[in-house]
Amino acid sequence: MRVLKITAMAALLLMAASVAFAGPTYDRVMSTKVVKAGISNQGIPFGFIDDKNEWVGFDVDMATEIAKRLDAKLEKVVVNNNTRISFVQTNPPKVDMVLSNMTHKRVRDEKIDFSITYFFDGQKFLAKKGAVKDVKDLANMKIGSMQGTTSIVNATAYLKELGNPNPKVTGYDGEVAMFEALRSGRVQAISTDSTILLGYAAKVPGQFELVGDFISDEPYGVGLPQDDSAWRDAVNFAIQDIWNDGTYLKIYDKWFGPDSKYPFPLTSKIEMWP
Amino acid sequence: MFKRFFKHVWVQNLTLLAMVGLVYYYFAYHFEFKYDFDWAVFFVEGQYGHMGRLMIDGLNTTLSLTFYSAAIALVMGTVFGLARLSKFKPVYWLATCYVELFRNTPLLIQLFFWNFALPYAFPEEIRFKLFDLNFEYWVSVFGCGFFTGAFMAEIIRAGIQSIPKGLLEASYSSGLTFPQTLRKVVLPLAFREIIPPLGSEFLNNMKNTSLAMTIGVTELFWSMQEVLSLTYRTFEAFIAATAIYLLLSLIIAAIMNIVNEKLKIMPSDKTTGLRKIADVIFKPFGFMAGCLEYIFWYFRRSPEKKTVSPLARLCKDCFKWTVTASKALFLACLAYLLYKLGMALAGFNYEIIRANLPALLVWRFPSGDETEFFMGLGGLAGSLLMAVISISGSFLVGLVVGMGRTAKSHAIRIPCTMYIELVRGIPCILVILWFFQVVLQFVFKLEIHAFWAGTIALTFFFGAYIAETVRGGIQNIPPGQVEAAKASGLTYFQTMRKIILPQALKQMLPALVGMFIAAFKDTSLVYIIGVMDLTRAAYAVNNRTMIYPFEIYTTVLVLYFIFSYVMSLYTKRLERKLSPEQVRIEM
């Protein structure tokens, strides 16, 4: 009979685990006062590990600010290019929002929701100084990009447009591996969002340069769980408040201002609702 | 009453059916899945290309990777396995270094080392030439090959050494020459010992090729991740990749089974069906061996010939000189290698190592903030902690499941067998992803830190392996003891607890410590889910320092090596304690 008892206990435990609370994100964040944010730790300067082994970056600062406006405690969770969508897609979501230099795309919007655009970027190529005289040269070069991003798709399409029907584009596992490939000479150029390229180029100043124009627009949005408009509003309002009281510019200048390591002029203004 | 009822086979089958039914009922009607499958994703041309074709391409690469690396592993294993038996000490030392170094460090770090650090050892022109030759692919072929080769070398050495000394003495004293002894006595017996474990190494090698993904080789696992991040079809991608890996494992296991069946000694009147199939398949090999045997017999040296012709003597002298010369050459090469290694080590930037060692050992402990795992613990300490927790957990799982697999009742045996075979058929890294992204999240709805997700996944993974060890231990106990225990009135659990398990566990102890080493090495795989273990910490540090990959990765290799090697020394001592008689055959 003891076997029966144990079985019953195990079954009960399983049931208890499965009926765990799974309410909408907004209610949960407001009641627990904890907001979980998925952030990359490889994307300089959006989220990375600095010299003191601290996890810092533009996205980290933005997430901290958003959490502050929501009066909640921030809990950072590591995501990468492969997990950043699925972590908000699950039910209940593994994280409440994702700030991981993620471009707002319509395909992605089918699976998750996005906030208003909080950063404007575009894709470019980075190569050794003087290696690329003309943009057309890129067509027959070995190009590195990242697996699990749209950068690799864009880069392949762009090279095809330049006239190479069978371009050599390798998808590396993350920013670090991609930049390493360029530095060691595995590939002649790498391509992804220009700010990340700047961030890595600044590691070895003077050796690399951006080439060509933007090949695509990359508006970054905060990834949010699908169909939770109260939560989406809260995040949108928080972002607009951050812009309104000047905090956005402060954070922006810290990472991308003229005196920073990765200067990148602010060209657009985020969407504002009166 | 309940117990006696359960002895009927139909009751057991019914229970099994009921269990399946319950699980099905739960998932079909009660479980809120909130996910609709769309398998069309693999069959239609999407916005980012044809996903099915992507998977097929990945499978292709995985297969070619597996073949090439298995061939390299076999060659390396044979050469170094024999070298481990050499009387010439420098050869023995080199082989030992190779085997211990490659077995006691994780494959992932080896691949990182070859891929990120090795190119900087060459001048720039050679480096660029190398990169033109599909460098990542060949790095992973050779990386996997060398790694598996080290394990094969040990298997081959152990197989040859397993032959009792008495047999050799008997064959020499009955007048057989050394080549004859090798051909007629040593090799046939050794093959029987070597081939079954060699087969499982081939299987492991196939699973290990999934790590090539981390350095950008577009194999199956890479394709799976690409599908995942381009279509966000988590379940479809996972299930497809798992099914393909399982299928590949099944095929390799089937080949292994046929070979093992051929090797079994069984009376000719009691052959099984499988044996007949194996016989047919191996007929050509038998024919070839027969021809070879005839040729050897034809060219045998006649025993009457006592005098040696001058030409033969010259040949013999030449041979002797060649051997001596090659020994000298080998020594010179070894000395040069050591000199190079010493120079490289002396040229290291030890400042960098010293500055980053604390991060590699404990990561940010104790100054991490409260959202991190245990005050920012990570690095080597995190890896060790994870290994200890997961191996303790999987010991319990393995004990229960291993006992379950030897049980007579269908209702217990079949689920246990399925669990073991399922887990052993898929790569560890895939198990980790399943747990992190699917099982804990969707099925159990648990919200836990990635560290714990990784620990649970490793527990689940190694549970299956330990279960197999437990089963082996239990089946080694002579059946007479079980009968005696039953006859003296002990129940099943009493027999297990008092008679079988104590003996079985004692036998298993070395294997369990070996499993701990494997678990410690495999903690490097949780890097993929972002746990700050030693590998991830090294990655972060290398990312920051950028120009010192040699220093960082060598340090990490040394750290992994020290702990694994100490454990493996301990295993050897245990083995010697448990079975004192061992002879080293020398060739």
Side-chain angles (χ1 to χ4, degrees), chain A residues 1 3 14 17-20 22 36 41-42 44 48-51 53-55 73-87 89-92 94 107-108 110-112 142 144 147-150 152-153 170-173 175-181 183-187 203-204, chain B residues 2 26 30-32 34-35 47-49 115-116 119-120 124 127-128 131-132 135-136 213-216 218 222 225-226 228-232 234 359 363-364 367-369 371-372 376 436-437 441-447 449-450 528-532 537 539-544 546-547 549:
Chain A
M1 282 303 102
V3 182
L14 206 72
S18 62
V19 294
K36 279 181 284 179
N41 67 358
Q42 290 192 29
I44 302 175
F48 63 102
I49 313 274
D50 72 356
D51 299 345
N53 295 330
E54 306 264 0
W55 190 0
K73 206 171 75 108
L74 178 71
E75 203 181 308
K76 289 176 282 186
V77 178
V78 188
V79 295
N80 60 30
N81 294 331
N82 297 314
T83 56
R84 57 187 179 185
I85 304 261
S86 64
F87 273 22
Q89 202 189 348
T90 55
N91 192 354
K94 234 182 165 80
V107 223
R108 289 182 177 150
E110 285 168 16
K111 305 290 189 269
I112 60 173
K142 266 167 112 184
Q147 192 213 358
T149 64
T150 47
I152 184 168
V153 183
T170 314
Y172 290 98
D173 182 30
E175 288 85 348
V176 186
M178 173 181 71
F179 186 67
E180 162 62 29
R183 210 170 61 81
S184 62
R186 272 163 231 266
V187 293
K203 284 243 158 197
V204 269
Chain B
F2 183 70
Y26 176 72
H30 269 255
F31 187 68
E32 274 187 87
K34 290 195 185 137
Y35 189 91
Q47 189 189 357
Y48 299 126
N115 190 48
F116 294 133
Y120 288 103
E124 204 160 73
R127 201 187 334 153
F128 287 157
F131 289 148
D132 278 340
F135 185 71
E136 283 91 1
M213 172 272 304
T214 55
I215 57 172
T218 56
W222 188 92
Q225 292 215 306
E226 190 72 8
L228 200 68
S229 42
L230 290 181
T231 65
Y232 320 114
T234 318
W363 191 231
R364 277 155 61 80
S367 57
D369 58 61
T371 59
E372 287 176 75
F436 187 54
Q437 293 196 10
Q441 187 71 37
F442 279 88
V443 183
F444 293 106
K445 305 228 185 331
L446 282 176
E447 287 290 328
H449 191 275
I528 196 168
I529 56 172
V531 180
M532 270 296 169
Y539 205 72
V541 168
N542 186 44
N543 175 15
R544 187 174 61 221
M546 278 276 158
I547 43 175

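Naming: A, B, ... by sequence-line order, numbering from 1 per chain. This one's a predicted model, so the numbers in the text were calculated from it and none came from an experiment.
In this structure a side-chain-to-backbone donor-acceptor pair under 3.5 Å is present from A:T83 to A:N80. Between the B:R364 side chain and the A:N53 main chain, a donor and an acceptor come within less than 3.5 Å of each other.
In this structure, the portion of A:F87 lying under 4.5 Å from any heavy atom of chain B is its side chain and not its backbone. B:E124 does not touch chain A: none of its heavy atoms, backbone or side chain, sits under 4.5 Å away. The contact between A:V107 and chain B is made by backbone and side chain atoms together, counting heavy-atom distances below 4.5 Å. Neither the backbone nor the side chain of B:N542 has a heavy atom closer than 4.5 Å to any heavy atom of chain A. Contact annotation for A:D51: both backbone and side-chain heavy atoms come within less than 4.5 Å of a heavy atom of chain B. Heavy atoms closer than 4.5 Å to chain B are found in the backbone of A:T149, but not in its side chain. Contacts of B:T218 with chain A are absent, with no heavy-atom separation under 4.5 Å from either backbone or side chain. Within the 4.5 angstrom heavy-atom criterion, atoms from both the backbone and the side chain of A:K94 approach chain B. For chain B, the nearby parts of A:E54 are the backbone and the side chain; heavy atoms of each come within less than 4.5 Å. Contact of A:I112 with chain B is not made at all, since no heavy-atom distance falls under 4.5 Å. At a 4.5 Å heavy-atom cutoff, A:R84 makes no contact with chain B through either its backbone or its side chain. Both the backbone and the side chain of B:F436 come within contact range of chain A, each with at least one heavy atom under 4.5 Å from a heavy atom of that chain. Using a 4.5 Å cut-off between heavy atoms, A:Q89 contacts chain B through its side chain alone, with no backbone atom that close. Interface residue A:S86: only side-chain heavy atoms are found under 4.5 Å from chain B. Both the backbone and the side chain of B:F116 come within contact range of chain A, with heavy atoms under 4.5 Å apart.
Residues A:W55 and A:D50 fail the side-chain proximity criterion, which asks for heavy atoms closer than 4.5 Å. B:P119 is listed as a side-chain neighbour of A:R186, based on a closest heavy-atom distance under 4.5 Å. Using a 4.5 Å heavy-atom cutoff, the side chains of A:I152 and B:E226 are in contact.
Scanning both residues, B:W222 and A:Q147, for their nearest heavy atoms gives O-NE2, 2.8 Å.
Under the 30°/60° scheme for interplanar angles, the aromatic rings of B:F131 and B:F128 are found to be tilted.
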query: Given the rule in the side-chain contact (heavy atoms from CB on, under 4.5 Å) test, do B:H449 and B:V531 qualify, once you have shown the distances and angles that lead to the verdict?
result: CA-CA 9 Å; B:H449 191 275; B:V531 180; 5.6 Å; no
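How far CD1 of A:I49 is from OH of B:Y539: 13.0 Å, rounded to the nearest 0.5 Å.
For the set A:M178, A:E175, A:E110, A:Q42, the entry with the most heavy-atom pairs within less than 4.5 Å of chain B is A:Q42.
Judged purely by distance below 3.5 Å, without hydrogens or angles, the side chains of B:S229 and A:N82 pair a donor atom with an acceptor atom.
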